[in-house]
Colleague: 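Mind having a look at this structure? Questions to follow.
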Amino acid sequence: MEERFGINKLFRFGGVERADLVVMGSHDLLLEGILGDLRGKGISVEAHWIGSCGGLLSLSLGEADIAGIHLLDSRSMDYNVPFVRELFPMGVALFRGYEREIGWAYRDRFSIDELISGKLRLANRNKGSGTRILIDRILSELGGRASVRGYRSEYFTHSSACEAVARGRADVTMTIRPIAESFSLRFSAIGWERYDFAVKEEILEKEAFSEFLRELTSKKDFSIAGYRFPEDTGARIL
């Protein structure tokens with residue numbers, strides 16, 4: 001019955017069998033596709049979208065093998081590298097992923113002034129997610145976080161936040177282009193962010209991880225709206 005409902009070989013002989021790869025961290029549409037391709041090859045994968053910070057915490061606790069992260073360091077203005085270097089002096093590698101176009105998604109209209117003044121309701125992201133950190137930084141720089149309607153709401157995926165906007169429960173959210181377009185929302189881009197993968201060094205020789213890298217690097221051969229692939233996609237950078 002477990003297999004029929006997609007549970008990855010959980011209860012066997014009275015114990016719990018770990019999936020071939022446990023992936024935690026920030027929600028990403030392309031990563032969902034990569035993990036689906038791995039499952040199609042017979043690799044068991046467990047995924048939990050708990051935000052970039054949650055993914056790194058899960059790595060430190062030994063719960064995750066891979067964490068998908070997009071964290072901007074406000075001092076160096078570099079993504080991901082400062083966090084992994086500071087938190088994991090050893091035992092965790094960082095692999096280059098890809099870039100995602102991020103911005104505001106809305107139904108009819110949007111201006112940052114209307115958001116700050118309380119005229120628009122925000123579908124906010126969960127604490128610890130890279131998107132939430134970016135939202136907080138933008139609002140804090142403009143001095144308007146306290147007056148934003150919906151600021152205390154928390155959506156754990158880009159899809160759930162965009163659905164709230166599409167259904168009228170909120171007016172605007174921050175997300176990546178492909179998910180905004182999948183909900184037929186308008187999109188106002190603010191830039192490109194780096195989405196990389198922090199990986200436990202002890203799994204680097206596993207065939208499941210090699211397959212993960214093969215699937216990741218194969219995406220460079222395609223043009224995918226809202227994504228860009230640097231030359232070093234799939235390369236170890238830390």
Colleague: Looking at every non-hydrogen atom in both residues, tell me the closest pair between His27 and Trp49 and how far apart they are.
Modeller: CA-CE3, 3.5 Å

Colleague: Flag yes if Ile135 and Tyr155 sit in one hydrophobic cluster, no otherwise; membership is Ile, Leu, Val, Met, Phe, Trp, Tyr, and two members link when side-chain heavy atoms are under 4.5 Å apart.
Modeller: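 Per the 4.5 Å side-chain linkage, Ile135 and Tyr155 are not co-clustered.
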
Colleague: Measure the CZ-OH distance between Arg100 and Tyr227 for me, rounded to the nearest 0.5 Å.
Modeller: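 Here the rounded value is 6.0 Å.
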
Colleague: Could you tell me whether a side-chain N or O of Ser117 sits under 3.5 Å from a main-chain N or O of Glu114, the two making a donor and an acceptor?
Modeller: yes

Colleague: Following the transitive rule for hydrophobic clusters with a side-chain heavy-atom cut-off under 4.5 Å over Ile, Leu, Val, Met, Phe, Trp and Tyr, establish whether Val172 and Val148 coincide in one cluster.
Modeller: yes

Colleague: Does Thr173 reach the main-chain N or O of Ala123 with its side chain, forming a donor-acceptor pair under 3.5 Å?
Modeller: yes

Colleague: Mind checking the CZ-CD1 spacing from Phe197 to Ile69? Nearest 0.5 Å is all I need.
Modeller: 9.5 Å

Colleague: If Ile, Leu, Val, Met, Phe, Trp and Tyr residues are connected whenever their side-chain heavy atoms lie under 4.5 Å apart, and connections chain through other members, are Tyr106 and Leu139 in the same group?
Modeller: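 Same hydrophobic cluster.
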
Colleague: Quick check against the 3.5 Å criterion: does Arg107 have a side-chain atom that pairs as donor or acceptor with the backbone of Ala170?
Modeller: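 Yes: the side chain of Arg107 pairs with the backbone of Ala170.
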
Colleague: Count I, L, V, M, F, W, Y as connected when their side-chain heavy atoms are under 4.5 Å apart, and connections chain through other members. Are Leu94 and Ile66 then in the same cluster?
Modeller: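 They do not share one cluster, since no chain of ILVMFWY contacts under 4.5 Å joins Leu94 to Ile66.
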
Colleague: Under the side chain to side chain contact (heavy atoms under 4.5 Å, CB included) criterion, do Arg132 and Asn126 qualify, and how do the steps go?
Modeller: CA-CA 6 Å; Arg132 173 62 174 267; Asn126 55 297; 5.8 Å; no

Colleague: Ignoring hydrogens and geometry, is there a side-chain-to-backbone donor-acceptor pair from Ser153 to Asn124 under 3.5 Å?
Modeller: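 It does hold such a pair.
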
Colleague: Holding to side-chain contact (heavy atoms from CB on, under 4.5 Å), I want the full list of residues that pass it with Ser218, two or more places apart in sequence or in another chain.
Modeller: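 Ser218 satisfies side-chain contact (heavy atoms from CB on, under 4.5 Å) with Glu215 once adjacent residues are dropped.
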
Colleague: Where the side chain of Arg186 meets the backbone of Arg109, is there a donor-acceptor pair that is under 3.5 Å apart?
Modeller: no

Colleague: Do Ile43 and Ile203 sit in the same hydrophobic cluster, where Ile, Leu, Val, Met, Phe, Trp and Tyr count as joined when their side-chain heavy atoms come under 4.5 Å apart?
Modeller: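 Shared cluster, yes.
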
Colleague: Determine, stepwise, if the pair Asp65 / Arg18 fulfils salt bridge (Lys or Arg N to Asp or Glu O under 4.0 Å).
Modeller: CA-CA 11 Å; Asp65 299 315; Arg18 184 182 176 88; 2.9 Å; yes

Colleague: Step by step, would you call His70 with Asp196 a side chain to side chain contact (heavy atoms under 4.5 Å, CB included)?
Modeller: CA-CA 7 Å; His70 59 111; Asp196 297 322; over 6 Å; no

Colleague: List the steps, then state whether side chain to side chain contact (heavy atoms under 4.5 Å, CB included) holds for Leu120 with Trp104.
Modeller: CA-CA 12 Å; Leu120 300 178; Trp104 299 103; over 6 Å; no

Colleague: Can you tell me how far the CG atom of Asp37 sits from the CZ atom of Arg214, to the nearest 0.5 Å?
Modeller: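 The distance works out to 13.0 Å.
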
Colleague: In Å and rounded to the nearest 0.5 Å, what is the CZ to CD1 distance from Arg85 to Ile237?
Modeller: 9.0 Å

Colleague: Does the side chain of Ile176 come within less than 4.5 Å of Asp28's, by heavy atoms?
Modeller: yes

Colleague: Taking all atoms of both residues into account, what is the closest heavy-atom pair of Pro178 and Gly226, and its distance?
Modeller: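 Looking at all heavy atoms of both residues, the shortest contact is CD-CA, 4.0 Å.
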
Colleague: Show your working on side chain to side chain contact (heavy atoms under 4.5 Å, CB included) between Ile102 and Met174 and close with a plain yes or no.
Modeller: CA-CA 7 Å; Ile102 192 164; Met174 184 176 287; 3.9 Å; yes

Colleague: Kindly check if the number of other-residue, nucleotide or ligand heavy atoms within 6.0 Å of CD (Glu207) is above 12?
Modeller: yes

Colleague: Can any side-chain N or O of Lys206 pair as donor or acceptor with the backbone N or O of Asp20 at less than 3.5 Å?
Modeller: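 Indeed, once roles are kept as given, a pair shorter than 3.5 Å links the two residues.
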
Colleague: When you measure from the side chain of Ser52 to the backbone of Gly25, do you find a donor-acceptor pair of N or O atoms at a distance under 3.5 Å?
Modeller: no

Colleague: Does the cation-pi check pass for Arg228 over Tyr195, that is, NZ or CZ under 6.0 Å from the six-membered ring centre and within 45° of its axis?
Modeller: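 Judged by the rule (NZ or CZ under 6.0 Å from the ring centre, within 45° of its axis), Arg228 is not positioned above Tyr195.
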
Colleague: Can you tell me if Asp73 uses its side chain to pair, donor with acceptor, with the backbone of Tyr79 under 3.5 Å?
Modeller: no

Colleague: Between atom CG of Leu56 and atom CD1 of Ile50, what is the distance when rounded to the nearest 0.5 Å?
Modeller: 9.5 Å

Colleague: Taking only residues two or more places apart in sequence, or in another chain, which ones meet Glu32 in a salt bridge (charged side-chain N to carboxylate O under 4.0 Å, His left out)?
Modeller: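 Result, salt bridge (charged side-chain N to carboxylate O under 4.0 Å, His left out) vs Glu32: none returned.
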
Colleague: Decide if the gap between the ring center of Phe95 and the ring center of Phe212 is smaller than 6.0 angstrom.
Modeller: no

Colleague: Testing Glu193, Glu101, Glu99 one by one against Arg177 for a salt bridge (Lys or Arg N to Asp or Glu O under 4.0 Å), which residue passes?
Modeller: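 Of the listed residues Glu193, Glu101, Glu99, the salt bridge (Lys or Arg N to Asp or Glu O under 4.0 Å) partner of Arg177 is Glu101.
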
Colleague: Sort out for me which residue in Arg96, Lys220, Arg194 forms a salt bridge (Lys or Arg N to Asp or Glu O under 4.0 Å) with Asp232.
Modeller: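 So the option named by the test is Arg96.
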
Colleague: CZ/Arg125 to CG/Leu134 distance, rounded to the nearest 0.5 angstrom?
Modeller: 11.0 Å

Colleague: For atom CD of Glu141, is the number of surrounding heavy atoms from other residues, nucleotides or ligands below 6.0 Å larger than 12?
Modeller: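 Yes, enclosed.
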
